[in-house]
Amino acid sequence: MAQPPPKAQSVEELRESAASCQGCELYRDATQTVFGEGAERSKLMLIGEQPGDQEDIQGKPFVGPAGRLLEKALEEAGIDRRRVYVTNAVKHFRFTMRGKRRLHEKPKAGQVRACRPWLEAEIEVVKPGMLVLLGATAAQSVMGPAFRVSKQRGEVMDSPFGIATVATVHPSSILRATDAESREAAMQSFIEDLKVAARR
């Protein structure tokens, strides 16, 4: 079972090691490990849940519909995506087949735990000044299983890593809004949360 190399010097070193990770069963069905990417000494690290269908195919985080929405929200919040580091709590795509489509499934707690050493290693190498936790899986991965995004969304908190943290929704939840009005309201709230992180 691959483990992060102790005292890794770069994200590239971690990415190469993670490519052969078999820490949980998700590697069997996923196309590849999808590791984080972005500015290595970034002030801002965004942590999502897991790669989706497009991320699994392309091998990059946040390149599907939720990634495009995230990019738009970052821009509106005055944050340059090229200057942030984006990753996920889980590095392999968990899905169920529905006909020919692969439908996203929430990762299990054990799968999140298996991936945590990689997330810790990324934080150690990137040394961000602020963590932005996108959705419940990411937030609980960092803050613990009792954490509720709905209760502490948009607040600046201390994380167990000693790094300031803001939790917000995952951009995919905005895509699931039932109508244009609620989608727009959800998007504006999301942008406001990102602005809180940007101000720090």
Side-chain angles (χ1 to χ4, degrees), residues 10-12 14-15 34-52 54-55 58-91 104 115 118-143 147-177 180-200:
S10 69
V11 169
E12 193 50 46
L14 291 174
R15 185 180 291 112
V34 180
F35 211 69
E37 66 173 24
E40 260 202 33
R41 288 288 180 261
S42 174
K43 292 188 173 73
L44 215 53
M45 180 186 273
L46 281 71
I47 304 169
E49 180 190 78
Q50 67 166 352
Q54 279 305 305
E55 289 78 7
Q58 296 183 42
K60 291 170 174 286
F62 285 98
V63 290
R68 288 192 291 276
L69 190 143
L70 174 63
E71 204 153 307
K72 185 170 185 273
L74 285 170
E75 194 178 316
E76 293 199 30
I79 300 166
D80 184 348
R81 176 165 172 171
R82 292 166 303 182
R83 299 184 65 182
V84 302
Y85 185 88
V86 267
T87 192
N88 283 299
V90 172
K91 313 298 188 203
H104 165 278
C115 251
W118 297 105
L119 182 61
E120 290 174 356
E122 282 176 291
I123 291 169
E124 183 65 34
V125 166
V126 177
K127 296 181 171 49
M130 167 75 76
L131 301 174
V132 179
L133 310 176
L134 304 170
T137 299
Q140 290 172 2
S141 166
V142 171
M143 304 297 282
F147 186 85
R148 294 290 171 269
V149 173
S150 55
K151 289 187 177 168
Q152 289 172 284
R153 176 182 180 174
E155 289 176 31
V156 178
M157 300 163 287
D158 277 332
S159 71
F161 295 104
I163 299 168
T165 302
V166 169
T168 184
V169 296
H170 193 282
S172 62
S173 68
I174 300 168
L175 294 172
R176 291 194 298 272
E181 193 178 335
S182 50
R183 193 175 301 119
E184 181 57 31
M187 182 67 162
Q188 287 310 313
S189 298
F190 183 50
I191 291 164
E192 286 309 312
D193 293 342
L194 292 175
K195 282 179 178 175
V196 170
R199 284 196 289 272
R200 289 293 294 255

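Just so it is clear, the structure is predicted and the values come from calculations on it, not from any experiment.
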Please find the pair of heavy atoms, one from Ala77 and one from Ala198, that lie closest to each other, and give the distance. O-CB, 4.2 Å

Check Val156 against Ala164 and note the closest heavy-atom contact, atom names and distance. CG1-CB, 4.1 Å

CZ/Arg83: more than 12 non-hydrogen atoms of other groups inside 6.0 Å: no

Positive for side chain to side chain donor-acceptor pair (under 3.5 Å) with Thr137, one of Glu49, His170, Gln50: Glu49

Report the distance from atom CD1 of Ile163 to atom CE of Met130, rounding to the nearest 0.5 Å. 10.5 Å

Side-chain donor/acceptor of Arg15 to backbone N/O of Gly36, under 3.5 Å: yes

Any donor-acceptor pair under 3.5 Å from Glu55 side chain to Pro61 backbone: no

Rounded distance [0.5 Å steps], CG in Leu74 versus CD1 in Ile79: 5.0 Å

Measure from the side-chain N and O atoms of Ser159 to the backbone N and O of Met157, and report whether any donor-acceptor pair falls under 3.5 Å. no

Glu76 and Leu194, any side-chain heavy atoms less than 4.5 Å apart: no

Crowding at CD, Glu124 (>12 non-hydrogen neighbours, <6.0 Å): no

Atom pair CG (Asp80) and CD (Glu75), whose distance is rounded to the nearest 0.5 Å: 9.0 Å

Please check if atom CD in Glu40 has more than 12 non-hydrogen atoms from other residues, nucleotides or ligands closer than 6.0 Å. yes

Would you call Arg68-Glu71 a salt bridge at under 4.0 Å N-O? no

Can you list the steps and then say if Leu119 with Val142 is a side chain to side chain contact (heavy atoms under 4.5 Å, CB included)? CA-CA 9 Å; Leu119 182 61; Val142 171; 4.1 Å; yes

Side-chain heavy atoms of Phe190 within contact of Arg153, under 4.5 Å: yes

Looking only at non-hydrogen atoms, find the nearest pair between Leu69 and Pro171 and report the distance. CD2-CB, 3.7 Å

Decide yes or no for Val126 and Thr87: does some side-chain heavy atom of the first lie under 4.5 Å from some side-chain heavy atom of the second? no

For Ala138 and Ala89, which heavy atoms make the closest approach, and how far apart are they? CA-CB, 4.3 Å

Close side-chain approach of Leu133 to Phe147, heavy-atom, < 4.5 Å: no

Could you check whether any side-chain heavy atom of Phe62 comes within less than 4.5 Å of a side-chain heavy atom of Leu134, counting everything from C-beta outward? yes

Any donor-acceptor pair under 3.5 Å linking the side-chain atoms of Gln188 with those of Glu184? yes

Within the structure provided, determine whether Val84 and Val132 are in side-chain contact (heavy-atom separation under 4.5 Å). no

Considering only heavy atoms from C-beta outward, does the side chain of Val196 approach that of Thr168 to under 4.5 Å? no

So CG of Leu175 and CE of Met187: to nearest 0.5 Å the spacing works out to 9.0 Å

Shortest non-hydrogen pair, Ala197 vs Leu44, comes out as CB-CD1, 4.1 Å

Gap between atom CD of Glu37 and atom CD of Glu122 - 0.5 Å precision: 11.0 Å

Nearest 0.5 angstrom please: Leu14 CG to Glu120 CD, how far? 12.0 Å

Start with the C-alpha distance between Arg183 and Arg176, add both sets of side-chain angles, then the distance that settles side chain to side chain contact (heavy atoms under 4.5 Å, CB included), and finish with yes or no. CA-CA 8 Å; Arg183 193 175 301 119; Arg176 291 194 298 272; over 6 Å; no

Should Pro128 and Lys43 count as side-chain neighbours, where that means a heavy-atom distance under 4.5 Å? no

